[in-house]
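Read the structure below first, then the notes.
Any value given below was found using the heavy atoms of this structure, including those in side chains, with hydrogens, waters and symmetry copies removed.
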Amino acid sequence: MTWRPRLAEGTAPALVFLLLLLIGLAIVGPAYSEPAGYLALLKRAAPLMILAIGQYLVIVSGGFDLSVGALVTAGVVIAARLIDGDESAAAWVIPLVLGFGLLVGLVNGLVTTKLLVPSFIVTLGMLLVLDGATFLWTGGAPRGALSEGFRMFGRGAVDVPLLGEVPWSVLILLAILVAAVLFMRGGTGRALVAVGDNEATVRLSGGQVDRLRLLAFALSGLLAAVAAILLGGFAGVSAQVGNGLEFRAITAVVLGGVLLGGGRGSVVAAAAGALSLEALFTLLNLLGVSGALKSAVQGVIIIVAVAYASLGGGVRQRLRLWPKQRDRVRPAQPASS
C-alpha cells in the first residue's frame, strides 16, 4: 500500500488561481522573470500568510478573530517602546510580545467559550480595546525604536546552501506552515474541523469543544504576535502597521476556499489565498491600477468566494443525490414472461 498525497476540498482551485497570478506577474513584471522576484514577494506576503493560518484555525472551528490587526499594531508599538534602540533588550522583548499575543488570544477564547458571547462581538471589542490602549499609550505617535536584532527577523536573510540568501521571514513562514499542516492532520486538528462542521455531534461524542476553540484563539493570537515581529522588522514602527490586516486575513482565508462558519477548508489553501492576495495587489500595481481600490477588491473577493462556496456546495450535494433520485422516479420494468 503506497501513500499518495491528497488535496483537501477547495485547495486545488486556490492553487490554480495562485499559479495564474504568478504567471501574470512573470508576463507583466520584468523583476518576476527570476526566482529572486518571487522570493521577495514571499517575503512581503509572509506576515499576512501567518495571520491567515491563525485566522483559518478560528474560522474552521466556527468563529472569527477581528482583533489580529490591532494586536499586530500593539505588538510593534510595545516592542519599540520597550527596546528603544537597546540591542540587548530584544532578547526579552520578543518573548514578551509573543506572550502578549498568546494572552490576548486566550482572553478572546475564554470570553467566547465561557461567557457564550459570539466571537465576532468579542474580537471586535478586543480590537477597540487594543486600538484605544495603543493610542492612549502613544498619544497617536509611537515612541522608541526597534533594534537591529529585533528587525533582523523581518528584513534579514540567512545564507542557505544551494539557495543563496533566504529571508528569515520566509524560513519562519515555512516552519509555521509545516507545523500547521501536521497539526491539522492529527487528531486535534481533525477535531477542530469537526467542531465547525457539527458542534453538537462533537459534544455528544465526548469532544472538548470549549478547549478546542480556546486553543484556536490562543494560536491565532500567538501567530498575530509573530506577524507583528516580522512586520516591525520589515516596515518599522507605525501606529497604522496593523490597520485592516484582520479583513485581509479573512479575505485570504475565504479566497483559499475555507467555508465561513467552519467545517471545511485547508490550511494550505488559506496560506495560498494570502499569497494570492499579495500577488493580486502587486499585479494591479504593475498594471497601474489605483491602490485605493484595494478595499473594493477585497469586498468583491469575499462576496464572490462565499457565493461560489455556497453554490458549489449545493451543486455537489445535488450531484450526489441525483442517482438516488433518478432511481426513485424510474418506472418499474415489466416482468418478463
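No side-chain donor-acceptor contact under 3.5 Å links Tyr56 to the backbone of Leu51. Remark: side-chain polar atoms of Tyr32 are not paired, donor with acceptor, to backbone N or O of Ile27 under 3.5 angstrom. Glu199 contributes no side-chain N or O that, together with a main-chain N or O of Val209, makes up a donor-acceptor pair within less than 3.5 Å.
To the nearest 0.5 Å, atom CG of residue Leu130 and atom CZ of residue Phe100 are 5.5 Å apart. Taking CG of Leu71 as the reference point, atom CD1 of Ile78 lies at 8.5 Å (rounded to 0.5 Å).
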Assess the residue pair Thr123 and Leu127 against the criterion (side-chain contact (heavy atoms from CB on, under 4.5 Å)); give the C-alpha distance rounded to whole Å, side-chain angles, the decisive distance to 0.1 Å, and a yes or no. CA-CA 6 Å; Thr123 56; Leu127 181 154; over 6 Å; no
Might you work through the side-chain contact (heavy atoms from CB on, under 4.5 Å) test for Leu115 and Leu110, ending with a clear yes or no? CA-CA 7 Å; Leu115 300 182; Leu110 287 171; over 6 Å; no
Evaluate Asp65 against Ser220 for side-chain hydrogen bond (donor to acceptor under 3.5 Å, both in side chains), listing each step before the verdict. CA-CA 8 Å; Asp65 191 352; Ser220 178; 2.8 Å; yes
Worked verdict on Leu255 versus Phe17 for side-chain contact (heavy atoms from CB on, under 4.5 Å): CA-CA 9 Å; Leu255 186 58; Phe17 182 62; 3.9 Å; yes
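For the pairing with Leu245, the side chain to side chain contact (heavy atoms under 4.5 Å, CB included) check across Ile250, Thr73, Val68, Leu231 returns one residue only, Leu231.
Ser67 and Asn108 form a side-chain donor-acceptor contact under 3.5 Å, judged by distance and modelled atom types alone. A donor-acceptor pair shorter than 3.5 Å cannot be found between the side chains of Arg213 and Ser119.
Partners of Leu174 according to the side chain to side chain contact (heavy atoms under 4.5 Å, CB included) rule, which considers only residues two or more places apart in sequence or in another chain, are Val170. Qualifying salt bridge (Lys or Arg N to Asp or Glu O under 4.0 Å) partners for Glu148, counting only residues two or more places apart in sequence or in other chains: Arg155.
Annotation for Val178: hydrophobic cluster partners, listed by chain and number, are Leu182 (ILVMFWY side-chain heavy atoms under 4.5 Å, direct or chained).
Using a 4.0 Å cut-off between a side-chain N of Lys or Arg and a carboxylate O of Asp or Glu, Glu278 and Lys43 do not qualify as a salt bridge. A salt bridge is defined here as a Lys NZ or Arg NE, NH1 or NH2 lying under 4.0 Å from an Asp or Glu carboxylate O, and Arg190 with Asp197 fails to meet this definition.
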